[in-house]
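In what follows, a single structure is set out as structure tokens and then discussed.
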There are 2 protein chains.
Amino acid sequence: MKKELPACPVEVTLQLIGDKWKVLILRDLMDGTKRFGVLKKGINGVSQKVLTANLRMMETSGLVSRKVYAEVPPRVEYTLTKTGYSLKPVLDVMTVWGEEYKEKME
Amino acid sequence: MKKELPACPVEVTLQLIGDKWKVLILRDLMDGTKRFGVLKKGINGVSQKVLTANLRMMETSGLVSRKVYAEVPPRVEYTLTKTGYSLKPVLDVMTVWGEEYKEKME
DNA sequence: CAGTATCCGCACGGATACTG
DNA sequence: CAGTATCCGTGCGGATACTG
């Protein structure tokens, strides 16, 4: 049931991060490890279900690692893997472009 | 009915190009002006409807310009605007990252 | 050729309730 | 707290047919 990687490299990238929520998750995790609840609070408007689903995908893609602590109440922390962190330049370029675009449009 | 720009710049960019087809259209148009039919043939698997819709969106976003020739049979050409072309670095970074990711995964 | 118009199915996201 | 489970509505993309 694994999704095939597209032939075109730019599509590969898009498939992994081209998603309303995934970029926001990545951006939040660039600062460092965060708990599920903190992520949820930081990202405005995600439901649990969708956030969980996105994190799972990113885990299978190797972008994010998930650490569960055997505590009560449970604690789960998410961290970027090296691969995940290597997306920083991509996000940066997108951010810069977005800023310039917004300025131009005002 | 115009879509609001999100607060976060990276979301702005994503809203404009974070779409399976839009990146492919952009990539194809980076080479220069193309006719509708050529675009359709170049992009594997798009339906007319969806291609048209995407081009319209990109036109309203100011990424693409559309030129109609008063001929029979009709000819319509699409060209990147300056703003559209300014996305090149973004696509390039995404492409490079995608290539590296694919290598790593093999 | 380059569209518009219409119908249709289903995948996806939201809301809610329940659990280890 | 950090999830799963379930139901449900709609929106988007595909297919097809028609047109300037």
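In what follows, chains are A, B, ... by sequence order, proteins preceding strands, each numbered from 1.
In this structure, A:Met30 and A:Leu87 approach most closely via the heavy-atom pair CE-C, 4.1 Å.
Using a 4.0 Å heavy-atom cutoff across all strands shown, A:Tyr69 reaches no nucleic acid atom at all.
Spacing between atom NZ of B:Lys40 and atom P of C:dC1 amounts to 12 Å, rounded to whole angstrom units. Atom pair A:Met57:CE and C:dC12:P shows a separation of 8 Å (rounding to whole Å applied). Rounded to a whole Å, the CG atom of B:Leu39 is 9 Å from the P atom of C:dA2. One can place NZ of B:Lys67 at 18 Å from C1' of C:dC1, the figure rounded to the nearest angstrom. Atom NZ in A:Lys41 sits roughly 11 Å away from atom C1' in D:dC1 (whole-Å rounding). Whole-Å rounding puts the B:Leu24 CG to D:dG13 P distance at 14 Å. Nucleotide C:dC1 holds its P atom 15 Å from the CG atom of B:Leu51, rounded to whole Å. Going from atom CG of A:Asn54 over to atom P of D:dA2 covers 17 Å, rounded to whole Å.
In this structure, the side chain of B:Thr13 does not engage the main chain of A:Trp97 through any donor-acceptor pair within 3.5 Å. In this structure, the side chain of B:Lys34 does not engage the main chain of B:Thr79 through any donor-acceptor pair within 3.5 Å.
Figure legend. D:dC12 is base-paired to C:dG9; pairs are counted as Watson-Crick or G-U wobble with both atom distances under 3.5 Å. Across all strands shown, C:dC18 pairs with D:dG3; the Watson-Crick or G-U wobble distances both stay below 3.5 Å.
Side-chain proximity of A:Arg35 to the nucleotides C:dT4, D:dA2, C:dA2 is greatest for D:dA2. Distances were taken from every side-chain heavy atom of A:Gln48 (C-beta onward) to each of C:dG14, D:dG14, D:dG3; the shortest belongs to D:dG3.
Under 4.0 angstrom from either OP1 or OP2 of D:dG3 there lies at least one side-chain N or O belonging to A:Arg66. The shortest distance between the side-chain N/O atoms of A:Arg75 and the OP1/OP2 oxygens of C:dG20 is not below 4.0 Å.
Annotation: of the two residues near DNA chain D, A:Arg56 and A:Pro73, the 5′-most nearest-nucleotide partner is A:Pro73. A residue-by-residue look at A:Pro74 and A:Trp21 shows that A:Trp21 has its nearest nucleotide of DNA chain C further toward the 5' end. Across the interface with DNA chain D, nearest-nucleotide mapping of B:Lys20 and A:Phe36 shows A:Phe36 to be the residue nearer the 5′ end.
Checking each of B:Arg66, B:Arg35, B:Glu59 against B:Tyr78 for a side-chain hydrogen bond (donor to acceptor under 3.5 Å, both in side chains) leaves exactly one that passes, namely B:Arg66.
Checked by distance alone, A:Lys49 brings a side-chain donor or acceptor within 3.5 Å of a matching partner on the base of C:dG14.
A 4.5 Å side-chain heavy-atom check between A:Lys88 and A:Asp92 finds at least one atom pair inside the cut-off.
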